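Bear in mind the structure is a predicted one, so any value in this text is a computation, not a measurement.
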Amino acid sequence: MLNTLVFVILPYVALTLVLAVTPYRLFTNRLRWSSYSTQFLERKALYWGINPWHYGIIPVLAAHLFAVIFPATTSRLVGDPTRLLVVEATGLGLGIMALIGCLILILRRANAPILNKVTFWADWLALLLLLLQTASGIAVAITNSWGAQWYPATATPYLRSLLMLNPQPEYLIGISTIFTLHVAGAFLLLAVLPFTKLVHLLFLPLDFLKDPPIPYRWHSLPENSKE
């Protein structure tokens with residue numbers, strides 16, 4: 001029953017919410033589509049958090065996606081023990097970098113009173129889920145060694161079976177408890193994505209490339225007004 005809930009029901013609930021809620025938010029309230037820019041309110045902690053988070057999580061997500069789209073190429077790439085070791089070590093390092101960045105971003109929100117007015121329950125939920133998902137991914141990398149080798153033969157056919165509306169959870173059943181939690185966390189994060197500011201990740205702002213430059217002018221106060 002638990003396997004059916006995690007590997008079949010939860011994925012389709014998450015996909016349904018993404019496909020239904022995302023366009024609804026886009027066309028009904030564009031002002032709340034994107035996240036608020038808090039760089040003007042606090043910069044120092046943001047710099048040390050956002051950079052390791054992005055530089056860590058983006059390559060990891062790209063590697064996951066590459067293994068789903070090109071499983072045979074991935075298997076050949078990690079077929080050599082040296083390359084497999086390099087890929088595993090690099091992935092683990094990037095995951096730790098992302099975890100550190102996420103922790104800094106959470107502490108930034110908690111310790112900067114000026115950010116309270118632009119931080120809502122959905123922000124905390126998104127940050128918590130991202131933290132748990134990153135931590136569980138690191139745990140999978142440590143406890144289920146050589147994931148780059150077994151991922152294309154297990155997770156890839158499972159994910160493809162979901163897209164073909166013929167779910168085959170047997171590919172993932174029995175791997176490990178922490179991997180089950182990691183999969184459940186991924187679909188739970190996908191389910192809440194349309195309700196949070198993270199939904200702006202699904203929008204590619206390509207139109208801004210056609211916009212003319214915006215001129216900025218700095219105006220200095222008169223000398224006598226500075227006193």
Side-chain angles (χ1 to χ4, degrees), residues 2 5-62 64-65 94-140 159 162 178 180-208:
L2 178 61
L5 175 63
V6 173
F7 297 126
V8 180
I9 298 177
L10 183 57
Y12 286 116
V13 170
L15 290 173
T16 301
L17 290 174
V18 169
L19 295 177
V21 179
T22 302
Y24 174 79
R25 285 192 62 189
L26 175 63
F27 293 113
T28 58
N29 195 343
R30 289 292 299 273
L31 294 177
R32 301 192 65 180
W33 170 271
S34 185
S35 60
Y36 298 124
S37 177
T38 60
Q39 183 178 1
F40 297 103
L41 302 178
E42 198 285 326
R43 294 187 179 184
K44 187 176 181 180
L46 177 63
Y47 174 84
W48 293 107
I50 205 69
N51 284 305
W53 166 250
H54 280 125
Y55 288 130
I57 201 65
I58 291 177
V60 170
L61 292 178
H64 281 67
L65 183 60
L94 291 172
I96 294 174
M97 182 188 300
L99 180 63
I100 293 173
C102 191
L103 283 171
I104 293 175
L105 293 175
I106 291 176
L107 292 175
R108 170 180 177 263
R109 291 275 180 176
N111 295 326
I114 196 173
L115 298 177
N116 290 338
K117 293 183 179 180
V118 293
T119 303
F120 306 98
W121 67 267
D123 300 315
W124 291 115
L125 177 61
L127 285 170
L128 179 60
L129 288 175
L130 289 173
L131 178 67
L132 295 177
Q133 189 63 10
T134 307
S136 65
I138 294 174
V140 169
L159 292 173
L162 290 179
I178 190 63
T180 301
L181 292 175
H182 188 62
V183 173
F187 288 120
L188 184 60
L189 186 59
L190 184 65
V192 303
L193 178 69
F195 302 96
T196 68
K197 297 170 187 175
L198 288 176
V199 73
H200 74 277
L201 297 174
L202 304 176
F203 176 68
L204 297 177
L206 299 180
D207 288 340
F208 83 95

Given side-chain contact (heavy atoms from CB on, under 4.5 Å), test His54 with Ile58 step by step and report yes or no. CA-CA 6 Å; His54 280 125; Ile58 291 177; 4.2 Å; yes
Verify side-chain contact (heavy atoms from CB on, under 4.5 Å) between Val13 and Phe187, making sure each step is shown before the conclusion. CA-CA 9 Å; Val13 170; Phe187 288 120; over 6 Å; no
Criterion side-chain contact (heavy atoms from CB on, under 4.5 Å) on Thr134 and Trp53, from CA distance to verdict: CA-CA 10 Å; Thr134 307; Trp53 166 250; 3.5 Å; yes
Using the rule given for side-chain contact (heavy atoms from CB on, under 4.5 Å), can you reason through Leu105 versus Leu46, listing the C-alpha separation, both sets of side-chain angles and the distance that settles it, and then say yes or no? CA-CA 7 Å; Leu105 293 175; Leu46 177 63; 4.1 Å; yes
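Heavy atoms from other residues, nucleotides or ligands lying under 6.0 Å from OH of Tyr55 number 12 at most.
Between Leu94 atom CG and Leu99 atom CG the span is 12.5 Å, to the nearest 0.5 Å. If you take CG on Leu125 and CG on Leu130, they are separated by 9.5 Å, rounding to the nearest 0.5 Å. In this structure, Asn111 CG and Ile106 CD1 are separated by 11.5 Å, a value rounded to the nearest 0.5 Å.
Of all the heavy atoms in Leu188 and Leu129, the pair that sits closest is CD2-CD2, 3.9 Å. The minimum heavy-atom distance linking Ala139 with Ile178 is given by the pair CB-CG1, 3.7 Å. In terms of heavy-atom proximity, Gly56 sits nearest to Val60 at O-CG2, 3.2 Å. Shown here for Ile104 and Ala45, the closest heavy-atom pair between the two residues is CG2-O, 3.5 Å. Considering every non-hydrogen atom in both Gln133 and His182, the closest pair reads NE2-O, 2.8 Å. Across every non-hydrogen atom of Leu17 and Ala191, the tightest pair is CD1-O, 3.6 Å.
Side-chain contact check for Ile100 versus Trp48: every heavy-atom pair is 4.5 Å or farther apart.
For the pair Arg109 (side chain) and Trp124 (backbone), a donor-acceptor distance under 3.5 Å is absent. A donor-acceptor pair is defined here as one N or O able to donate and one able to accept, closer than 3.5 Å; no such pair exists between the side chain of Arg108 and the backbone of Lys44. Side-chain atoms of Thr196 come within 3.5 Å of backbone atoms of Leu193 as a donor-acceptor pair (strictly under, hydrogens ignored).
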